[in-house]
Amino acid sequence: QVQLVESGGGLVQAGGSLSLSCVVSGGTFRSYAMAWFRQAPGEERGFVASIRWNGGGTYYADSVKGRFTISRDNAKNTVYLQMNGLKAEDTAVYYCAAGMVTGPASKYDYWGQGTQVTVSS
């Protein structure tokens, strides 16, 4: 059974930084495309960033380009999301997802439980 566990969320002031981690167990991490999505209250879950299985391609939502960086360490079965220059509108529950290809949420087979990120203005 594949399990994803996120960590690193919390409360930060606008302009600050947070680093999220997602550890994957029970599967072949190096074969998965990985992604981060987020969901704010009253909104649908939206794409944040994704990375191919070998780290060779990264993709970002326009709203986070230049501020967020996705990376992975296949030796540690971990994907990261470094978030800099945080804004109040980045406040959401952040979810880690794993699948065979990058793409919209429907492409991902496994999801974590989410970690709350709150940015105070």
Side-chain angles (χ1 to χ4, degrees):
Q1 183 177 357
V2 179
Q3 292 188 322
L4 285 67
V5 179
E6 303 100 333
S7 62
L11 174 64
V12 64
Q13 289 188 333
S17 298
L18 279 176
S19 181
L20 305 184
S21 300
C22 172
V23 179
V24 180
S25 60
T28 307
F29 178 78
R30 63 180 66 251
S31 69
Y32 294 135
M34 300 297 299
W36 291 94
F37 289 78
R38 66 186 181 186
Q39 186 168 20
E43 297 185 8
E44 294 186 353
R45 190 171 299 189
F47 171 76
V48 176
S50 63
I51 186 167
R52 292 182 177 175
W53 68 274
N54 62 356
T58 56
Y59 308 91
Y60 297 92
D62 288 343
S63 59
V64 306
K65 279 181 183 176
R67 299 188 298 123
F68 291 11
T69 302
I70 188 171
S71 61
R72 65 189 296 159
D73 185 338
N74 286 349
K76 295 183 178 180
N77 289 1
T78 302
V79 63
Y80 305 96
L81 185 69
Q82 177 64 41
M83 305 185 293
N84 299 328
L86 283 161
K87 305 175 181 179
E89 51 263 43
D90 294 318
T91 295
V93 177
Y94 283 70
Y95 297 91
C96 173
M100 300 311 298
V101 296
T102 57
S106 60
K107 294 292 186 181
Y108 296 92
D109 302 306
Y110 307 104
W111 293 81
Q113 81 290 348
T115 186
Q116 177 70 47
V117 171
T118 303
V119 184
S120 62
S121 56

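- One N or O on the side chain of E6 and one on the backbone of G114 form a donor-acceptor pair closer than 3.5 Å.
- Here the straight-line distance linking atom OH of Y59 with atom CZ of R52 works out to 3.0 Å at 0.5 Å rounding.
- In this structure, T78 contributes its side chain and K76 its backbone to a donor-acceptor pair below 3.5 Å.
- Y32 and I70 fall within the same hydrophobic cluster, where Ile, Leu, Val, Met, Phe, Trp and Tyr residues are linked whenever their side-chain heavy atoms come under 4.5 Å apart, directly or through other members.
- Nearest heavy atom pair, residue V79 against residue C96, reads CG1-SG, 3.7 Å.
- Checked for salt-bridge contact, D90 and K87 miss the test: no charged N lies under 4.0 Å from a carboxylate O.
- In the hydrophobic clustering of this structure, F47 groups with W111; members are Ile, Leu, Val, Met, Phe, Trp, Tyr whose side-chain heavy atoms approach within less than 4.5 Å, directly or through other members.
- Minimum heavy-atom separation, Y60 to A49: CD2-CB, 3.6 Å.
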TODO: Take K107 and T102, measure what side chain to side chain contact (heavy atoms under 4.5 Å, CB included) needs, and give me the verdict at the end.
DONE: CA-CA 7 Å; K107 294 292 186 181; T102 57; over 6 Å; no
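- Residue V24 comes nearest to V2 through the heavy atom pair CG1-CG1, 4.0 Å, listed as atom of the first residue, atom of the second, then distance.
- Contact between S17 and G85 at its shortest, heavy atoms only, is OG-N, 4.4 Å.
- Side-chain rings of F37 and Y95 stay apart, their centers remaining 6.0 Å or farther from each other.
- Although no hydrogens or angles enter the test, the distance criterion places a donor-acceptor pair under 3.5 Å between the side chain of Y108 and the main chain of G103.
- In this structure, D73 CG and S21 OG are separated by 10.5 Å, a value rounded to the nearest 0.5 Å.
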Open item on the list: Using side chain to side chain contact (heavy atoms under 4.5 Å, CB included), reason through V117 and L18 one step at a time and then give a plain yes or no.
Closed with: CA-CA 8 Å; V117 171; L18 279 176; 3.8 Å; yes
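- Atom CG of residue L86 and atom CZ of residue F68 lie 5.0 Å apart, to the nearest 0.5 angstrom.
- Looking at heavy atoms from C-beta onward, N84 lies in side-chain contact with Q82 at the 4.5 angstrom threshold.
- In this structure, the separation between OH on Y94 and CG on L20 is 7.5 Å, given to the nearest 0.5 Å.
- Here disulfide bond (SG atoms under 2.5 Å apart) pairs that include residues 44-95, with residues two or more places apart or in two chains, number zero.
- A92 and A40 get closest at one heavy-atom pair: CB-N, 3.8 Å.
- R72 pairs by the salt bridge (charged side-chain N to carboxylate O under 4.0 Å, His left out) definition with nothing, not counting sequence neighbours.
- Placement of Y80 and V48 in two distinct hydrophobic clusters is found when ILVMFWY residues are connected by side-chain heavy-atom separations under 4.5 Å, directly or transitively.
- In terms of heavy-atom proximity, Q113 sits nearest to V5 at OE1-CA, 3.8 Å.
- With hydrogens and angles disregarded, no donor-acceptor distance shorter than 3.5 Å links the side chain of Q116 to the backbone of G9.
- Residues W53 and F29 fall into different hydrophobic clusters, defined by Ile, Leu, Val, Met, Phe, Trp and Tyr side chains chained together at heavy-atom separations under 4.5 Å.
- In this view, R45 satisfies the salt bridge (charged side-chain N to carboxylate O under 4.0 Å, His left out) rule with no residue, not counting sequence neighbours.
- Distance check: L81 CG to R38 CZ gives 9.5 Å after rounding to the nearest 0.5 Å.
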